[in-house]
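Naming convention: chains lettered A, B, ... in sequence-line order (proteins, then strands); numbering from 1 in each chain. FYI, side chains are in, hydrogens and waters are out, and symmetry mates aren't considered; it's all heavy atoms of this structure.
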Protein chains: 2
Amino acid sequence: MADVAREVGVTAKTVSRVLNDEEPVAVETRARVMAAVRKLGYQPNLMARNMRVGARDAAIGLVIPEMGNPFFGTVAGGVESAVRARGLTLIVGSSDETAELEQSLIATFLARRVSGLIVVPAAAGHHRHLRSERMAGLPIVFLDRPAVGLTADCVVSANREGSRAGVAHLLSHGHRRIGFVGDVPATLYTRRERFQGYRDALGGSGLPFDRSLVESGHDVEATALATMRLLALADPPTALFAGNNFASMGAVVALARAGRKDVALVGFDDLPLAEALDPPLTVVAQDPAGVGAAAAELVLARLDGDRSKARRATVPTRLIVRGSGELPPRR
Amino acid sequence: MADVAREVGVTAKTVSRVLNDEEPVAVETRARVMAAVRKLGYQPNLMARNMRVGARDAAIGLVIPEMGNPFFGTVAGGVESAVRARGLTLIVGSSDETAELEQSLIATFLARRVSGLIVVPAAAGHHRHLRSERMAGLPIVFLDRPAVGLTADCVVSANREGSRAGVAHLLSHGHRRIGFVGDVPATLYTRRERFQGYRDALGGSGLPFDRSLVESGHDVEATALATMRLLALADPPTALFAGNNFASMGAVVALARAGRKDVALVGFDDLPLAEALDPPLTVVAQDPAGVGAAAAELVLARLDGDRSKARRATVPTRLIVRGSGELPPRR
DNA sequence: TTGTACGCGTTATCAC
DNA sequence: GTGATAACGCGTACAA
């Protein structure tokens, strides 16, 4: 900046004025400064600017469990678009679903003085340590799962309602024994909510809850085995509801291996290849980009001075009918 | 920092020494400073530190086409792990495959004075504008596709060799008419390389190249239609090679819709549900996390002073045999 | 073992 | 319209 100023024969402050479109600067001076900027290839230093201006970095920190997971990847994409539209930059880190990494990432982001924080809480962990930051006015939004030990903004999918709708769909096709293939641990927020939706639907139809119809696993192979166990029951289910995308894949794999095309299946969360399966997979689709965008908007609103009390936003799900969920009960 | 110093009755410099584990500081002074730090909840400001120390942000900027794409998401995960292990932070942006967004993101990252840059070039675009940065010593690594108009480090998958191996696999199962379902535009680096691998394999078996066996599309629906066109030929292929994951999905969808289980298929790039398909999908798998990690390591090596000339790293692919690629030619 | 003086690149304040 | 000066939060160099 000093170089540019010297080149033009003005002070750094004048260059600063030109670069920030501030008044007043003489038209001619402005032109000469711009010319010098181009000639010298000068680029303003955002770090120094952030430090001087706001004492806050013009960036939003995002912590997700895993970047390779298309759900969280798409969430991150939604966050990024919204954040960039506002001229902010996105800083990300993945917690690998561990509380330690999550804490360390959050600490780093805080040390960088990010303008806002969006966190997908790791399975085990709490967020009491963020109380002081929150009270100091830092926008913090939790995503996909609520915070533990902290009252804060939160954006989640309509897990319970979506799950209820998916199971109700199976019920409306005549199924009375519907298995639930869930993820682990069963204490996970999303797992609990979706399981509640399953029970809501059963209750709504006056059906009893049969604990033997519930099995779990935490990856494709484990949920495939869980599915096999359900199919091997003395009084097996005629339909399955899978509580997340891994469970859906596990169920699909198990049904394919067993050569069973007579078991109805609805999965929570859409899959890229759902349409190519045989039969095509009926799902309760989430809106990951929408969830990400909603979280970002909430942060931005707080940044704009919204001081209302913490709120929970729920992003609707959508039942996509493709075939697997409309199979009739096996006679 | 001044507050902490005042609390203890020392100067800011002493606090700085304690926080950076510098010698010499009296053991007792150190303890008192730490106590004051905790009491006041003081957190060092990384922005100010970065600015003072290196004039560089302790961050790496990553530009990818799309975060929701599992391939690029996993790549980003690989980059992030490697970068974090070094105490650096990851800043990301998605270009949506447009040159404009790519340039604007790069400009933002440069303005932030990132310590290194990793870029997946958008389909149309060039990188001449990065010449000065590169000459100034900024580590820049291109990922998945090489830079255009700039000699720079680059990490790519073994596209040509992997594709050759995939097609050779079909040839070894007796196929003589093998269709190629590619993405568009055909000028894309990965598309060109994989197509060359296809031709290499044909040539290696002394088979002529038949232009009518090549069709393309840029999403699942379009590649499904492309596949249908191949199947409708007077002398149709008995096997298909899909040039990327969308093309694989399109081919799978088309074969499912046509009820054709007699056409062999090998896809480039693995799919989460590949195993659940009927028949399970044989693929040439890439190593996205490996590609990301390799790019990060290259940036870090440059950061450590490696001034050797620009090099291209090639990450091997792996043929995963699952069933669809081992179907015999239809008689 | 600790403190002083200064500088990183930028902008706010107020005088000219 | 423009400039001089100070300040953001921290680290370097050197003196005490």
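Shown for residues 29-38 of chain A: residues whose heavy atoms fall under 4.0 angstrom of DNA chain D, namely Thr29(A).
Using a 4.0 Å cutoff to heavy atoms of chain B, the contacted part of DNA chain C runs 5' to 3' from dT1(C) to dG9(C).
One finds the CE atom of Met1(A) at 9.5 Å from the OG1 atom of Thr11(A) (value rounded to the nearest 0.5 Å).
Applying the side chain to side chain donor-acceptor pair (under 3.5 Å) test to pairs two or more places apart or on separate chains, none has a residue in residues 24-34 of chain A. The stretch residues 47-72 of chain B participates, sequence neighbours left out, in no ring-ring contact (aromatic ring centres under 6.0 Å, His included) pair at all. The stretch residues 53-80 of chain A participates, sequence neighbours left out, in these side chain to side chain donor-acceptor pair (under 3.5 Å) pairs: Asn50(A)-Asp57(A), Asp57(A)-Arg112(B), Glu80(A)-Arg84(A), Glu80(A)-Ser94(B).
Judged by closest nucleotide on DNA chain C, Pro24(B) is the one of Val15(A) and Pro24(B) placed further toward the 5' end.
Counting non-hydrogen atoms under 4.0 angstrom, Thr14(B) reaches the backbone sugars and phosphates but no base.
Scanning for side-chain hydrogen bond (donor to acceptor under 3.5 Å, both in side chains) contacts around Asp306(A) gives Arg302(A), Ser308(A), Arg311(A), with sequence neighbours left out. Here Glu7(A) pairs with Lys39(A) under the salt bridge (charged side-chain N to carboxylate O under 4.0 Å, His left out) rule; sequence neighbours left out. Not a single side-chain hydrogen bond (donor to acceptor under 3.5 Å, both in side chains) links Arg38(A) to another residue, sequence neighbours left out. Scanning for ring-ring contact (aromatic ring centres under 6.0 Å, His included) contacts around Phe142(B) gives His127(B), with sequence neighbours left out. Every residue two or more places apart in sequence or in another chain was checked for a salt bridge (charged side-chain N to carboxylate O under 4.0 Å, His left out) with Arg113(B), and none qualifies.
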Original post:
Could you write nucleotides 7-16 of chain D as a row of B, S and -, 5' to 3', where a protein heavy atom under 4.0 Å of any base atom gives B, of only sugar-phosphate atoms gives S, and otherwise -?
Top reply: BBBBBB----

Please output the side-chain donor-acceptor pairs of residues 13-24 of chain B that fall under 3.5 Å, not counting sequence neighbours, one pair per line with the distance.
unit_1, atom_1, unit_2, atom_2, d
Asn20(B), OD1, Arg49(B), NH2, 3.2
Asn20(B), ND2, Ser16(B), O, 3.0

